[in-house]
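Only one structure is covered here, and it is reproduced in the block below.
Values reported hereafter were calculated over all heavy atoms of this structure, with side chains retained and with hydrogens, waters and symmetry mates removed. Quick note: residue numbers are just sequence positions, from 1.
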Amino acid sequence: MRDTHRAEHRHWVKSGGGGLAAVLIGSALVDDSGASIGNFGILEAKDMESARRFAEGDPFVHAGIVETIELTPLPDTFQAHRITEPMSVLK
């Protein structure tokens, strides 16, 4: 099912959900057999509500692929500028 929605998901990530968030880095998580078991990402957003709207707007969520979303704020000391190639840009 992921393959069916992967292009839409990647477009959502690249657009930052239409500017809701910048995706600095993200990746799929896999088990020992290589099967997808989730994903993680580091986002930059103006507030937690924007980050949540971005996460909940993902086509994978709408397709029922995502079971739960957990958001954890990082401290202000997190050095996001050290991630040299963000996946999208905060507008």
Hey, any chance Val61 and Ile37 share a hydrophobic cluster, counting ILVMFWY side chains that come within less than 4.5 Å of each other, even indirectly? no
Rounded to the nearest 0.5 Å, the CE atom of Met87 sits from the OG atom of Ser15 at a distance of 11.5 Å
Under 4.5 Å between any side-chain heavy atoms of Trp12 and Val23, yes or no? no
Might you confirm whether atom CZ of Arg10 has over 12 heavy atoms from other residues, nucleotides or ligands at distances under 6.0 Å? no
Across all chains, not counting sequence neighbours, the ring-ring contact (aromatic ring centres under 6.0 Å, His included) partners of His9 are Phe60
Checking Ser36 side chain against Gly38 main chain: does a donor-acceptor pair fall under 3.5 Å? no
So CZ of Arg52 and CG of Leu71: to nearest 0.5 Å the spacing works out to 4.5 Å
Kindly indicate whether the side chain of Leu43, heavy atoms from C-beta on, has any atom under 4.5 Å from the side chain of Leu24. no
Evaluate whether atom NE2 of His11 has more than 12 neighbouring non-hydrogen atoms of other residues, nucleotides or ligands under 6.0 angstrom away. no
To the nearest 0.5 Å, tell me how far Glu44 CD sits from Leu20 CG. 13.0 Å
To the nearest 0.5 angstrom, please state how far the CD1 atom of Ile83 sits from the CD1 atom of Ile42. 4.5 Å
Scan side-chain atoms only and decide if Glu8 and His5 contain a donor-acceptor pair under the 3.5 Å cut-off. yes
Can you list the residues that meet the side-chain contact (heavy atoms from CB on, under 4.5 Å) rule with Ala45, with sequence neighbours excluded? Ala21, Ser50, Ala51
Hydrophobic clustering (ILVMFWY, side-chain heavy atoms < 4.5 Å, transitive) - are Ile25 and Val13 grouped together? no
Please report the closest heavy-atom contact between His62 and Glu56, naming both atoms and the distance. NE2-O, 3.4 Å
Sub-4.5 Å side-chain heavy-atom contact between Val66 and Asp58: no
Quick check for you: to the nearest 0.5 Å, what is the distance between Arg53 atom CZ and Asp47 atom CG? 8.5 Å
